[in-house]
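Before any comments, here is the structure.
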Amino acid sequence: MLASIDCAPQAFSFVDHEHNEMNADTFWRYCAEYQQKIRHIQANNIEATAIRAALFDTEPGAFCYKLFALLNQGVEVVLPANMQPETLSEAQQTCDLVCGNAPWQAKSHHIDKMAVSGENEFAQRAIWPSTGQLVFSTSGSTGKSKLIIKSWAALLRELNQLMGQFPHQGATTFIPTVPHYHIYGLLFRVLLPMQLGATTYATKAYPEHFLPILAQSQTRRVVVVSSPAFLERLSEDAVLDDYADKLCCFVSSGGALSEHAVVSLYEHLRTMFYEVYGSTESGGIASRIHGQAFQPLWTPFDLIKVRAQANTQRLILDSGYLDDVEFKMDDKVEIYPNGQFKLLGRIDRTVKIEEKRVNLSDLERYLCEHDGVDTCRLLVIKRQRPQLAAVVVLNESVGERPGFKLSQELRKHLANKFELICVPKKWRYVETLPVNDQGKVMIANLEGLFE
């Protein structure tokens, strides 16, 4: 368990998009100053009992000290999923305060624009928060916003567990490709590096952006916090090969990492992959570590007990993070005698096509067994009657341009196991599946390929 969870760690640093470094001393000073601003508003403008603040800042260091200041002042924090005008407007409508460098409308109290007045009476009181509540906004795969309320105490329990089980306690540098304002990024690229005393960088969109960091002589024991989509693309590139000795771990979440990506990246970089399965609602559930060999089974975290519902194989959790006695996931699993489990797909992906029921996850798994298919996603598109459609990423073994002949071959492959009525009628071939900034495939973007 974390001995330092109730105090202010002093060895971490943040590097922003302009390459400016914020060390721990500066972080806690800024946190104290921000608390003073909030306290001034609480004392003069707003009833202190029911304050909500919307927080969005593109810089992880600034985001974090503002988050800590809000929690320490008893403010409930709403975290928008992105910086789009409609998203910010929706968040602002339910909040008393707005925080961060997003283009907020002027109608709310914008804490960042306030000046610090008087002596900083909080200089010795900027601490690691122990209580509070956050409201995450997650779009999932459909694009429809969903609000998830999480207690700060639940996040701390999860952080405690990560600190005990993270395979690279000696990591000194974190390079992220995922945002910090979703739960995965908040835990793995902000709170965990702080507790490890590491330096964490602003989000990098492409592996080429890693190179100036990796080239620095002081950079060592690097953890890359990423997503399956990013790692799939990286597996086709040798851009990091010259710095393989500085990489100690890739962390991945948001979807399943493919065996192809693991094997290909390990061949070039000889580093491990720490993959986390979970959701915003459930928190982290299980992990698996890949090295030279791909690991198909998941190992539950210590605070998680799992079982499968008898008739549906639905995953049921008894979680140390949650208040619910049982939490039902939307995934099917096969649980092994040693407590590990295999994911079998989403229970809500069973659809009916002309009175025949078929599970899209089953179709995808079998389609990926074809030698020419790297990954794919199936969906139902609405015409005069619902039709199955497939979006496919091919591998290099497919020499010819995708066309009718290849589609017929893939249809024939699926027909070995599924009735013809359950085989996709529409096919599209893409270089990569369209994803959002969390690395999740967006259904709306897939549907757009068939318009």
Side-chain angles (χ1 to χ4, degrees), residues 81-82 84 87 136-146 148 176-179 181-185 203 205-206 225-236 250-262 273 275-282 285 329-332 343-351 358-370 372-382 386-395 402 410 414 424 426-451:
N82 54 53
Q84 298 302 111
T87 303
F136 289 93
S137 182
T138 176
S139 62
S141 61
T142 64
K144 295 180 180 178
S145 181
K146 184 178 181 182
I148 307 296
T177 73
V178 296
Y181 38 82
H182 301 295
I183 191 168
Y184 169 47
T203 307
Y206 301 102
V225 181
S226 195
S227 67
F230 183 92
L231 296 179
E232 294 285 349
R233 294 191 295 271
L234 183 61
S235 69
E236 307 298 331
F250 286 100
V251 182
S252 181
S253 190
L257 192 59
S258 74
E259 183 173 1
H260 165 78
V262 168
F273 303 84
E275 193 174 5
V276 179
Y277 162 62
S279 68
T280 305
E281 297 94 326
S282 67
I285 295 169
M329 295 295 292
D330 290 329
D331 295 305
K332 297 191 299 181
L343 288 171
L344 302 178
R346 304 274 292 181
I347 62 169
D348 57 356
R349 299 195 72 210
T350 297
V351 298
V358 61
N359 186 274
L360 301 184
S361 297
D362 292 341
L363 280 167
E364 289 169 355
R365 279 196 302 274
Y366 192 70
L367 185 55
C368 285
E369 292 181 13
H370 188 280
V373 176
D374 259 356
T375 188
C376 64
R377 186 56 58 94
L378 272 70
L379 65 155
V380 177
I381 56 176
K382 296 178 180 178
Q387 290 183 338
L388 275 181
V391 180
V392 179
V393 178
L394 300 170
N395 61 40
L410 296 179
L414 287 174
K426 302 287 185 179
W427 296 80
R428 295 290 185 272
Y429 300 96
V430 296
E431 292 187 3
T432 59
L433 295 175
V435 297
N436 64 7
D437 61 4
Q438 301 172 63
K440 293 184 178 181
V441 177
M442 302 299 291
I443 298 299
N445 292 343
L446 294 179
E447 291 173 340
L449 296 173
F450 298 90
E451 293 178 352

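Bear in mind the structure is a predicted one, so any value in this text is a computation, not a measurement.
- In this structure the side chain of Leu257 never reaches within 4.5 angstrom of the side chain of Phe250, judged on heavy atoms.
- The CD atom of Glu364 sits 5.0 Å away from the SG atom of Cys376 when rounded to the nearest 0.5 Å.
- Looking at every heavy atom in both residues, Ala205 comes nearest to Phe230 through O-CE1, 3.5 Å.
- Taken from CD in Glu259 to SG in Cys368, the straight-line distance is 11.5 Å, to the nearest 0.5 Å.
- Rounding to the nearest 0.5 Å gives a distance of 6.5 Å between OH of Tyr181 and CG of Asn82.
- Taking each heavy atom of Val430 and Val391 in turn, the nearest pair found is CG2-CG1, 3.7 Å.
- Ile285 contributes atom CD1, which lies 7.5 Å from atom CG of Asp331 (distance to the nearest 0.5 angstrom).
- Atom OG1 of residue Thr432 and atom CG of residue Asp374 lie 11.5 Å apart, to the nearest 0.5 angstrom.
- Here the side chains of Asn445 and Val435 are not in contact, with every heavy-atom distance at 4.5 Å or above.
- Between the side chain of Ser226 and the backbone N or O of Leu231 there is no donor-acceptor pair closer than 3.5 Å.
- The two residues Glu232 and Ser235 make their nearest non-hydrogen contact at O-OG, 2.6 Å.
- In this structure, the side chains of Leu344 and Asn359 stay at 4.5 Å or more apart for every pair of heavy atoms.
- For the pair Gly345 and Arg365, the tightest heavy-atom approach, listed with the atom from each and the gap, is N-NH1, 3.7 Å.
- The minimum heavy-atom distance between Tyr366 and Leu414, with the atom names listed, is CD2-CD2, 3.9 Å.
- The line from CE of Met329 to CG of Leu343 is 8.5 Å long, rounded to the nearest 0.5 Å.
- Ala390 pairs by the side chain to side chain contact (heavy atoms under 4.5 Å, CB included) definition with Leu378, Val392, Pro424, Trp427, not counting sequence neighbours.
- Between the side chain of Tyr184 and the backbone N or O of Pro179 there is no donor-acceptor pair closer than 3.5 Å.
- In this structure, the side chains of Val178 and Thr203 stay at 4.5 Å or more apart for every pair of heavy atoms.
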Report task. Start with the C-alpha gap between Glu236 and His260, add the side-chain angles, then the distance that decides, and say whether side-chain contact (heavy atoms from CB on, under 4.5 Å) holds. Result -> CA-CA 10 Å; Glu236 307 298 331; His260 165 78; 2.9 Å; yes
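- Of all heavy-atom pairs between Ser361 and Arg349, the closest is OG-NH1, 3.3 Å.
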